[in-house]
Number of protein chains: 2
Amino acid sequence: MPEPSDAAADAAEPSLEEQIAAYQREFQDLDPQVEQVVSALQRLNRRMNVAYGRQTATLGLSNAEWEVLKALVVSGAPYQLGPGELAKRLGLTPAAMTHRIDRMANEGLVTRERDEANRVRVIVELTDEGREKWLEAMRLASVFEEDLLQDLNGAERHLLGQVLTRLLRRVEDAQPDADGRLSDLD
Amino acid sequence: MPEPSDAAADAAEPSLEEQIAAYQREFQDLDPQVEQVVSALQRLNRRMNVAYGRQTATLGLSNAEWEVLKALVVSGAPYQLGPGELAKRLGLTPAAMTHRIDRMANEGLVTRERDEANRVRVIVELTDEGREKWLEAMRLASVFEEDLLQDLNGAERHLLGQVLTRLLRRVEDAQPDADGRLSDLD
DNA sequence: GCTTCGAACTTTAGAGTTGAAGTCTTCAGG
DNA sequence: CCTGAAGACTTCAACTCTAAAGTTCGAAGC
């Protein structure tokens with residue numbers, strides 16, 4: 001069996017601190033405090049998505065499907081949206097939405113039918129089964145989220161929520177949502 | 001031209017507050033404070049990724065390529081890593097890494113060569129051009145990040161960084177990185 | 001030294017996405 | 001009416017990722 005090898009191949013996954021130190025070494029103008037916030041935010045979000053993915057998988061749901069269910073639930077009763085609107089909210093192209101709805105309709109999570117009042121439009125509607133799946137996933141997610149924030153007291157939670165919301169408002173104002181397509185994940 | 005239509009099709013993109021209100025309506029047990037933190041975090045990260053994507057695009061770089069550049073820079077001089085190691089750090093399968101390296105080598109951002117000391121291994125190395133691209137992207141990113149945090153004073157930045165890092169540590173400890181594959185984006 | 005096992009990467013087939021072109025429907029004008 | 005223009009969705013080809021083989025090389029056993 002080959003040794004663990006020292007041939008410039010492992011070097012162990014860098015911790016957040018090591019990552020920031022490396023950036024500073026290569027780019028002197030970097031503000032370490034800013035980078036700490038940004039990098040922690042990105043890593044945290046990434047790990048959370050992994051966790052959500054595992055949870056929804058236990059329900060036989062992909063993360064992609066969960067996104068659709070969430071959008072429909074947020075839209076409120078009667079839980080109907082058009083493919084185009086869904087695509088915009090999820091940051092996908094309409095083409096991708098078409099196929100995703102195909103799959104979900106086959107699984108019975110949503111129905112797809114033409115709007116008889118305006119036959120150009122299509123209406124995607126959550127089924128009872130889809131709504132139930134969303135609820136199950138939500139139960140799992142809320143347990144995970146509560147556990148994640150466990151070490152933060154009420155004041156800290158409030159403060160964190162406020163600060164993040166302020167930052168969010170800043171980005172949303174700055175970006176007039178010129179289409180709102182997201183490009184990749186981190 | 002069809003009217004803006006009232007046929008259950010638009011309903012305007014929901015704000016963060018509206019989204020949380022909708023969740024509460026459908027799932028009584030939800031803690032609105034927890035949800036505020038989680039939802040703001042996710043939306044913020046998403047918008048940031050859109051912004052990063054636009055910036056790197058102006059440099060002729062995809063977000064995917066930028067991820068590779070970052071990993072190589074963080075690894076430090078001589079900026080070498082194997083495909084397998086890169087794949088693990090980016091949360092991709094080795095197969096995907098093979099193709100991504102193909103593309104980037106064609107563009108001259110990295111080189112790929114067999115390790116002559118151990119011919120099973122392959123060494124991916126950052127080129128000078130790749131390093132320069134990273135630097136340009138980093139300059140853009142740091143401006144954006146500084147602007148994003150502009151409204152936060154030093155104490156707030158510090159606190160935010162600390163709290164996020166605490167949360168990150170909690171997730172990383174809880175998930176023994178059972179492979180570290182990430183499943184989807186939000 | 002030949003064989004076997006394991007490690008690291010690549011190849012292949014299939015799912016899912018994008019961007020561009022195509023279809024169908026509605027509305028406005030002549 | 002009949003035609004033209006625009007909107008909403010779908011179809012098609014090219015690309016990227018995953019999962020599962022396949023290939024190549026190195027190390028250990030007999």
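Any value given below was found using the heavy atoms of this structure, including those in side chains, with hydrogens, waters and symmetry copies removed. Residue numbers start from 1 in every chain, and the chains themselves are labelled A, B, ... in the order their sequence lines are given, proteins ahead of strands.
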Figure out the [atom1]/[atom2] separation between [X] and [N], and round it to whole Å.
{"X": "H99(B)", "N": "dT10(C)", "atom1": "NE2", "atom2": "C1'", "value": "8 Å"}
{"X": "L81(A)", "N": "dA8(D)", "atom1": "CG", "atom2": "P", "value": "14 Å"}
{"X": "R119(B)", "N": "dA27(D)", "atom1": "CZ", "atom2": "C1'", "value": "16 Å"}
{"X": "I101(A)", "N": "dT10(D)", "atom1": "CD1", "atom2": "P", "value": "7 Å"}
{"X": "E85(B)", "N": "dA8(C)", "atom1": "CD", "atom2": "C1'", "value": "12 Å"}
{"X": "I123(A)", "N": "dT10(D)", "atom1": "CD1", "atom2": "P", "value": "13 Å"}
{"X": "E67(A)", "N": "dT17(C)", "atom1": "CD", "atom2": "C1'", "value": "15 Å"}
{"X": "L92(A)", "N": "dT10(D)", "atom1": "CG", "atom2": "P", "value": "14 Å"}

Residue-phosphate contact under 4.0 Å: [X] side-chain N/O, [N] OP1/OP2:
{"X": "R114(A)", "N": "dC9(D)", "result": "no"}
{"X": "R112(B)", "N": "dT10(C)", "result": "yes"}
{"X": "R121(B)", "N": "dT10(C)", "result": "no"}
{"X": "R100(B)", "N": "dT18(D)", "result": "no"}

Only distances under 3.5 Å count here; give the side-chain donor-acceptor pairs of residues 128-140 of chain A to other protein atoms, sequence neighbours excluded, each with its distance to 0.1 Å.
{"unit_1": "R131(A)", "atom_1": "NE", "unit_2": "Y79(A)", "atom_2": "OH", "d": "3.3"}
{"unit_1": "R131(A)", "atom_1": "NH2", "unit_2": "E26(B)", "atom_2": "OE1", "d": "2.5"}
{"unit_1": "K133(A)", "atom_1": "NZ", "unit_2": "L59(A)", "atom_2": "O", "d": "2.6"}

Drop me the distance from E116(A)'s CD to R121(A)'s CZ, to the nearest 0.5 angstrom.
14.0 Å
Specify the residue among E116(A) and A96(A) whose closest nucleotide of DNA chain C lies further upstream toward the 5′ end.
A96(A)
Nucleotide of dT26(C), dC25(D), dT12(C) approaching V120(B) most closely (side-chain heavy atoms):
dC25(D)
Considering only dT11(C), dC9(D), dC12(D), which nucleotide approaches the side chain of A95(A) most closely?
dC12(D)
Side-chain donor-acceptor pairs under 3.5 Å in residues 150-158 of chain B, sequence neighbours left out?
{"unit_1": "Q150(B)", "atom_1": "OE1", "unit_2": "R170(A)", "atom_2": "NH2", "d": "3.3"}
{"unit_1": "N153(B)", "atom_1": "OD1", "unit_2": "A155(B)", "atom_2": "N", "d": "3.1"}
{"unit_1": "N153(B)", "atom_1": "OD1", "unit_2": "E156(B)", "atom_2": "N", "d": "2.7"}
{"unit_1": "E156(B)", "atom_1": "OE1", "unit_2": "N153(B)", "atom_2": "N", "d": "2.9"}
{"unit_1": "E156(B)", "atom_1": "OE2", "unit_2": "R166(A)", "atom_2": "NH2", "d": "2.7"}
{"unit_1": "R157(B)", "atom_1": "NE", "unit_2": "L152(B)", "atom_2": "O", "d": "3.0"}
{"unit_1": "R157(B)", "atom_1": "NH1", "unit_2": "E146(B)", "atom_2": "OE2", "d": "3.3"}
{"unit_1": "R157(B)", "atom_1": "NH2", "unit_2": "E146(B)", "atom_2": "OE2", "d": "3.2"}
{"unit_1": "R157(B)", "atom_1": "NH2", "unit_2": "L149(B)", "atom_2": "O", "d": "3.1"}

Taking atom types as modelled, find out whether Y52(A) and E145(A) have a side-chain donor-acceptor pair closer than 3.5 angstrom.
yes
Taking the basic N atoms (NZ, or NE/NH1/NH2) and the acidic carboxylate oxygens, is any pair closer than 4.0 Å for E172(B) and R43(A)?
yes
